[in-house]
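Inspection log for the structure reproduced underneath, given as structure tokens.
All ligand and atom numbering here is 1-based and tracks the order in the structure.
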Amino acid sequence: MGIPVKVDSVYEVVIEDIGTDGEGIGHIAGFTVFVPRAVIGDRVSVKIDKVGKRYAVGHIESVVEPSDYRIQPLCPVANRCGGCHIQAMAYDAQLAYKTRHVKDALQRIGGFDDVSVLDTIGMERPWHYRNKAQLPVGVFSGRPVMGFFAAGTHDIVDIDTCPIQHPAVDAAIKAVKDYVSSYNVAVYDEMTGKGLLRHIMVRVGFNSGQVMVVPVINGDSIPHAKEFTDMLRQNIDGLASVVLNINRRRTNVILGSQCKVIYGNDHIMDTLCGLTFKISPLSFFQVNPRQTEVLYTKAIEYAGLDGTQTVLDAYCGIGTISLIAAQKAAKIYGIEEIQQAVDDARENARLNDISNVEFICAKAEDAIGRFIEDKVRIDVIIMDPPRKGCDKGFLETAVRLCPERMVYVSCNPATLARDMRFLADHGYKATAVQPVDMFPHTTHVETVVLMSRVEK
Ligand code: SAH
């Protein structure tokens with residue numbers, strides 16, 4: 001059978017689902033069509049841009065009949081900016097989509113037909129939730145522009161305000177644009193590798209009110225540094241740190257490894273679940289602090305701690321979950337592969353006067369075996385791996401340790417489903433699956449799962 005779709009032709013399509021980048025999915029005579037910016041339930045007129053063997057891609061010419069879930073996005077550039085994929089979808093529908101997405105992955109990839117997935121926990125006000133922005137700086141018609149890249153390109157969509165960021169980010173955008181215009185600062189050009197100012201990163205401590213601004217530069221100093229930090233101070237309440245990050249490489253990686261303080265401290269502080277954490281320019285810290293508290297509280301609840309247990313927190317980052325769990329456990333071991341994060345974790349333990357934790361700098365799959373060799377009994381394993389999920393060797397050793405419970409925190413339902421299948425085949429049963437919306441208006445979803453040992 002031939003392909004029933006032609007480039008440049010226009011078809012009417014009903015959007016049945018959305019894909020991982022928020023693109024609408026529909027069919028034309030059984031053939032799959034991806035339509036960016038379409039909402040589930042829309043009937044749209046689509047012009048086809050590309051036809052492949054198994055699917056086509058098109059763009060909306062007009063919305064013939066809007067979905068019940070289609071709303072006017074709050075942000076004026078929502079349709080161009082690559083930051084938010086699904087702002088045109090009502091928030092309740094976004095949450096329902098995320099629950100369904102987790103359930104689908106567990107069924108399709110994990111083969112779990114009967115596992116129940118709890119409703120995704122959303123935010124009461126899903127705006128201004130992010131504590132970190134990384135904005136490319138450019139010029140357009142002789143004026144500085146800052147914003148996010150348009151979806152799938154490196155064209156900057158210029159913004160003065162972003163409704164998912166903390167308001168300090170808007171203030172930083174204004175100050176940086178004024179600085180670039182006032183002193184004719186050369187902005188970096190990706191094509192030639194010339195120019196100085198590449199990105200501006202802003203990090204905000206939601207509870208402390210402290211703000212850090214990090215200009216990423218292709219050089220080792222900026223002109224008029226004093227005037228720059230004065231402009232930032234005038235615009236930003238709580239400015240506590242300005243750090244230059246040096247990145248001279250021609251790469252898409254935003255941050256370089258070297259940092260230089262030009263104002264205030266080399267870090268900001270924030271609190272999470274009542275504990276204090278130090279945030280350095282390069283350290284990992286969850287980007288939605290309000291929902292992180294919801295997520296961590298669930299994870300600790302699932303761990304079922306009563307003060308007597310020994311807990312392994314694998315992929316522990318700067319030790320956030322470890323330190324929160326430490327207050328309810330006898331002993332915590334944290335494993336993390338990045339040395340800087342482990343240093344931060346140890347310092348965070350000192351800052352909070354917590355002494356029943358031990359951090360190990362190693363790959364989780366390499367270090368976990370020592371608990372078997374040393375005959376350390378582990379009662380609970382908490383794991384929060386990156387998107388690619390856990391290493392198989394890690395999971396094999398985890399089941400040999402035979403903990404009563406495993407709490408899996410995941411940012412990728414597909415690898416979560418794969419790893420849960422392994423655990424289910426080796427003596428554990430999924431007893432709770434709770435998605436949490438850490439990233440409103442995007443298709444990302446975080447899930448916390450309790451796997452309990454089946455009594456033999
Ligand atoms: N639990 C932490 C961090 C989660 S992010 C928090 O909530 O803040 C995942 C972490 O796993 C990152 O810090 C990353 O550096 C680390 N990591 C990635 N692969 C690893 C591996 N194989 N072994 C140990 N740590 C790893």
When you check the gap from the basic side-chain N to the acidic O, do Asp270 and Arg203 get nearer than 4.0 Å? no
Ring centroids only, cut at 6.0 angstrom: are Phe394 and Tyr315 within range, meaning strictly under it? yes
Any idea which protein heavy atom is nearest atom 1 (N) of ligand 1, and the distance to it? Asp384 OD2, 2.9 Å
Residue, atom and distance of the protein heavy atom nearest atom 25 (N) of ligand 1 read Glu337 N, 3.3 Å
Mind telling me whether Tyr179 and Phe228 have parallel, tilted or perpendicular rings, with 30° and 60° as the class edges? tilted
Under-4.0 Å heavy-atom contact with ligand 1, by part of Ala362 that carries it: backbone
Keeping the roles fixed (side chain from Arg130, backbone from Gln165), state whether a donor-acceptor pair exists under 3.5 Å. no
Please confirm whether Lys388 comes within less than 3.5 Å of ligand 1 when only nitrogen or oxygen atoms on both sides are compared. no
Identify, for atom 22 (N) of ligand 1, the protein heavy atom at the shortest distance, and state residue, atom and that distance. Glu365 OE1, 3.2 Å
If we set the cut-off at 4.0 Å for heavy atoms, which region of Ala341 has an atom near ligand 1: side chain, backbone, both, or neither? neither
Under 4.0 Å to a heavy atom of Thr320 - the qualifying atoms of ligand 1, by number: 6 (C), 7 (O), 8 (O)
Please report which non-hydrogen protein atom sits nearest to atom 23 (N) of ligand 1, along with the residue it belongs to and the distance in Å to one decimal place. Ala364 N, 2.8 Å
Arg198 to Tyr188, cation-pi by 6.0 Å centre distance and 45° axis angle: yes
Measure centre to centre between the rings of Tyr69 and Tyr97, then say whether the value is under 6.0 Å. no
Is Tyr296 close to ligand 1, meaning an N/O of one under 3.5 Å from an N/O of the other? yes
Polar atom proximity, Ile338 to ligand 1 (N or O, under 3.5 Å): no
Can you classify the ring geometry of His441 versus Tyr91 as parallel (below 30°), tilted (30 to 60°) or perpendicular (above 60°)? tilted
Among Leu282, Asn245, Ile254, Leu255, which residue satisfies the side chain to side chain contact (heavy atoms under 4.5 Å, CB included) criterion with Met201? Leu255
Specify side chain, backbone, both or neither for Tyr315, according to which of its non-hydrogen atoms lie closer than 4.0 Å to ligand 1. both
Measuring from atom 16 (C) of ligand 1, which candidate in Glu336, Arg387, Gln286 has the nearest non-hydrogen atom? Glu336
